[in-house]
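These notes are about the structure you will find just below.
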Amino acid sequence: MYEILDESLRRAEMNHNITYAILYECVKCIYTIHPKSDLLEKAAKCIGNFVLSPKINLKYLGLKALTYVVQQDPKLALQHQMTIIECLDHPDLIIKRETLELLFRITNDQNVTVIIEKMLDFLRISEDDHTTIDLVGKVAELAEKYAPDNEWFIDTMNTVFSLGGDLLQPDIPNSFLKLLSEGFDSVEEDKKLRLFAVNSYISLLQGDSSKLPQRFLQVICWVLGEYSHLREDLEPDVTVRLLAKLLDMKSSSSETKCWVLMAMTKLCPGGAALALVHNVSETYSSSLDTMLRQRAQELQILSQDSELQAKVLPRSASMEPVEVDSSLSFLDGFVSEALAAGAAPYKPPHQRQEELSRSKALNLEPYGLSLPISMSSCSITDRQSPTLLSISSGLSGDSTDVSHKGSSTVLKLDGVKRLWGRDGYLAQKEPTDEAPRIEAASPVRSANQLGDNNASNSQTPTPTPTPECDQEKQQLASSLFVGLASQSSVCLMGKSDPTFQRFRRKTKASGSSEQITNPLVLPSDGSDNLLYKNLLDSPDLDVSPPEQTPGLAAPNGSCDAEEESTDTDVKEIETPPIRDERVTAQASPHDDPDGSKDPSLTWHLPAELSALSHSNLTPLFSKQNLDVSACHVQKEDSVVLVVFISNCSDSFLQQIRLQVDSEELEVSCVSDCPSEELQSHSVAVCQYFLTVKRPSVDFDLFAAVSWQPPAGSPLTTQFSYRLSLTTFIRALRLSTEEYGAMWLAFSHDTKQNLTLIHDGQDPLAATLDVLKRKLQLHVVEVIGVEAIVACCLQQDQPCLMHCRMHAGMLAVWLRSPVPDLPDCLLYCCQRALQEL
Amino acid sequence: MRFLLLFSRQGKLRLQKWFVPTSEREKKKVIRDMIMLVLPRQPRTCNFLQWKDLKIVYKRYASLYFCAGLEEHDNELLALEVLHRYVELLDKYFGNVCELDIIFNFEKAYFILDEFLMGGEVLETSKFAVNVSMEQADTLQESFKVSYH
């Protein structure tokens with residue numbers, strides 16, 4: 001490329017317009033591409049020729065090129081400064097303007113005053129609106145950036161305002177006022193600046209103010225209102241009178257008058273010109289313009305009550321920048337209260353319109369994908385309020401629904417139970433019936449549903465492993481819920497598990513799940529009714545759940561406090577380990593001797609662990625002179641395996657080594673067993689932290705202990721220890737909103753029906769109770785026939801569960817970010833319920 | 001190029017060509033503005049103007065002003081050349097063209113313009129080619145006339 005440019009530059013020596021055009025383009029090109037020094041030189045020379053040329057067109061082009069170039073190469077401008085100065089005074093306005101543009105580019109601290117002066121001169125003679133606007137903007141920018149001192153700045157801005165008139169772009173006065181209000185770092189400077197501004201405006205007003213443009217007048221009013229108190233010798237009286245003069249001028253627009261009234265209101269305290277103020281406010285109280293009326297009223301009231309005035313218009317308020325909370329987070333409390341009381345959540349205008357139009361007409365659209373353009377262009381504000389979450393949790397239902405709608409092209413989902421409809425949880429509704437019903441009812445119900453769905457969704461979304469949305473699902477969901485949080489659609493986007501996982505999971509799950517799916521496809525029995533019932537019940541139930549949840553929470557809480565309930569819980573699960581057949585050594589628990597040892601061994605638990613509840617001590621094996629038993633302790637966030645190696649012989653044992661491994665658990669040693677020597681009749685305690693790598697229903701730990709009796713060869717024995725998943729489960733305390741948010745984010749889920757415990761009046765509560773006791777789940781909320789439950793496997797692997805009572809069974813839907821957790825947990829739940 | 005206008009010293013529009021769709025109102029406004037901008041210009045001043053966001057290039061040939069409205073990236077000198085080339089084409093066709101020729105044969109003027117410029121860009125750079133197509137068009141017209149009569 002360089003050669004071509006070189007060549008072009010060389011050959012374009014003829015005196016023809018075209019060649020000049022080519023040269024100009026070459027020059028521009030050279031300055032755009034990667035610089036090459038000799039090309040740059042040539043280009044600079046070329047520009048020089050242009051500028052110096054007598055032909056005016058070339059001059060113009062030269063100037064333009066210089067403007068373009070000067071940012072990169074200011075020296076060039078320097079070279080031709082004389083020519084530029086000449087051009088400044090050129091009779092041709094175009095050239096002049098172009099020169100000014102060039103000067104604008106090279107403005108800096110030193111030359112700013114001169115340049116601005118030239119610009120203002122030009123402004124005075126310019127008649128073209130566009131030029132004026134443009135130049136005014138430039139002047140304002142320069143003045144702000146490079147103002148050498150306050151007086152000059154104020155003067156310049158005044159000139160700008162009066163010359164710019166009402167053509168000013170609105171941000172110029174705004175930024176000026178902002179500058180005045182925010183000020184610089186030094187308070188002194190601020191004061192001086194403002195004082196000067198005030199002075200100049202007073203003198204302006206005292207002169208002939210009829211020619212001043214409206215914007216300028218507004219700026220004057222504001223400055224006087226805010227800062228005239230800075231000038232001590234100025235009576236507010238005088239200012240008020242001056243302002244009143246403005247009001248009387250015919251040329252003042254009503255907007256200006258509003259500003260004047262506001263300024264007067266600020267100047268009021270101290271009884272300045274009361275009579276005048278009174279008159280003015282009377283006059284404008286009956287004005288036709290509502291803004292004027294309002295201001296006049298304010299003036300009247302605040303002028304009489306100076307205390308109130310001080311509160312409303314504090315003198316120093318303008319010093320702090322106003323912070324605007326655009327998400328209106330201060331209203332969040334109000335909104336959540338209203339939502340809880342059953343108010344309909346916020347519907348943005350386009351959604352309202354859509355629903356209006358939908359409710360009037362029959363929907364004859366086939367259920368295809370419809371992507372309204374508005375969805376992509378609509379943007380929701382940043383509200384993180386509960387409204388958002390309620391809507392977004394309502395959206396979660398749609399994802400499933402969408403999946404089913406889209407399934408015709410993607411998956412064959414025959415016989416798959418659909419629990420979530422477009423408007424929320426639909427228990428046992430036939431997919432085909434659902435759709436028309438939804439269409440018809442949606443516009444009316446969707447508002448309520450959304451509010452309700454918040455409640456219903458927040459109840460544990462129990463197992464439906466919908467490995468989430470395809471693209472189609474997402475699109476349909478977004479098209480159905482236009483105007484809802486873009487965040488929720490993002491959530492949907494995130495779930496991209498391939499659908500085949502669903503089948504995989506189904507086969508993995510026990511055979512019982514197969515049986516269960518059938519009853520799930522029940523004839524549509526008016527789950528609508530259930531939903532409606534929900535609607536009706538929810539206001540009532542809103543009262544009761546809070547009562548229930550504390551009740552439920554209490555036993556739950558006790559779990560966390562690690563009281564006996566965990567013991568009982570754990571005891572039952574302990575039986576499997578004892579039935580373990582993998583213990584190679586003589587694993588038969590020696591009940592009696594061990595039972596007697598049991599209490600003694602527990603004494604050996606390290607102090608911190610003994611405070612916590614622990615499982616039964618499981619004697620693992622006993623051989624010759626060594627007894628090994630273990631127990632596990634459930635701590636708040638971890639499980640500790642404690643292995644007791646007791647030397648029941650009379651001699652000491654050496655070289656005791658213990659190694660514990662597991663496939664699905666991460667075993668980390670807390671305290672190693674003393675490896676050298678074990679005295680007779682003493683106990684060595686080893687602790688291991690267990691964390692779950694991969695969830696499974698039961699975890700097997702394989703351990704090997706080796707020791708050396710005093711006289712003999714080293715012996716090794718292996719044993720195993722089984723832990724259930726339930727030891728690792730902890731209650732997860734969530735609020736309903738958090739639940740809703742998490743529910744959307746998780747992608748692995750599984751659904752099943754469990755047996756209800758039919759004793760007492762409330763089977764749901766009873767079942768939940770059992771589950772809570774045995775599995776340490778936390779019931780987040782119970783609403784009607786649904787309940788949401790949460791738990792976590794260690795700290796960071798939550799699992800959410802949604803239970804719904806239906807037809808004598810408990811339909812549970814578990815969801816979790818961890819792949820196998822829902823299934824395992826489900827199995828544990830089943831086991832827990834069966835073992836009753 | 002957005003548009004090309006020809007108007008006389010008295011401000012009468014002789015030819016207008018719009019290369020972008022514009023409403024009637026807008027067209028009228030633009031024409032008015034152009035006339036107001038260009039006519040008062042002194043003889044030795046720059047041929048390039050700035051108007052709104054367009055660059056206006058004008059050239060005076062005898063009593064006719066040729067005025068073109070360019071966009072940001074168009075080269076002004078090039079536009080001057082384009083105008084000049086158009087005048088040359090007219091000259092060649094009409095033989096010593098004057099304003100009257102354009103007034104009375106405006107359809108031919110438009111024809112030549114369309115042969116030369118398309119969509120605001122130069123279509124045919126060869127004078128000869130344009131001439132040939134003009135001759136062909138004329139022959140066609142003649143034969144039509146003949147066959148009619």
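Letters A, B, ... mirror the listed sequences (proteins, then strands); counts begin at 1.
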Apply the test side chain to side chain contact (heavy atoms under 4.5 Å, CB included) to residues K55(B) and K64(A): give CA-CA distance (whole Å), side-chain angles for both, the deciding distance (0.1 Å), then the verdict.
-> CA-CA 13 Å; K55(B) 300 190 256 203; K64(A) 273 197 103 163; 3.7 Å; yes
Output, in order, the C-alpha distance, side-chain angles, deciding distance and verdict of side chain to side chain contact (heavy atoms under 4.5 Å, CB included) for L77(B) and L58(A).
-> CA-CA 9 Å; L77(B) 285 174; L58(A) 294 179; 4.3 Å; yes
Counting neighbours of [atom1] on [X] that are heavy atoms of other residues, nucleotides or ligands and sit closer than 6.0 Å, is the number greater than 12?
X: R44(B); atom1: CZ; answer: no
X: I4(A); atom1: CD1; answer: no
X: Y2(A); atom1: OH; answer: yes
X: K12(B); atom1: NZ; answer: no
X: K92(B); atom1: NZ; answer: no

Write out, in numerical order, the residues from residues 110-137 of chain B with a heavy atom short of 4.5 Å from a heavy atom in chain A.
->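 Residues of residues 110-137 of chain B touching chain A at under 4.5 Å: none.
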Which pair of heavy atoms, one from N75(B) and one from E25(A), lies closest together, and at what distance?
-> ND2-OE2, 2.8 Å
Turns out that what part of L80(B) lies under 4.5 Å from chain A's heavy atoms comes down to side chain
Report yes if the side chains of R41(B) and D92(A) come closer than 4.5 Å at any heavy-atom pair, otherwise no.
->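 Yes, at least one pair of side-chain atoms sits under 4.5 Å.
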Do L93(A) and T45(B) come close enough that some side-chain heavy atom pair is under 4.5 Å?
-> no
[atom1] of [X] to [atom2] of [Y]: how many Å apart, nearest 0.5 Å?
X: L49(B); Y: R97(A); atom1: CG; atom2: CZ; value: 8.5 Å
X: Y20(A); Y: E81(B); atom1: OH; atom2: CD; value: 11.0 Å
X: Y24(A); Y: L78(B); atom1: OH; atom2: CG; value: 12.0 Å

When you look at E76(B) and L61(A), which way does the side chain to side chain contact (heavy atoms under 4.5 Å, CB included) test go after all the steps?
-> CA-CA 9 Å; E76(B) 298 94 327; L61(A) 279 183; 3.7 Å; yes
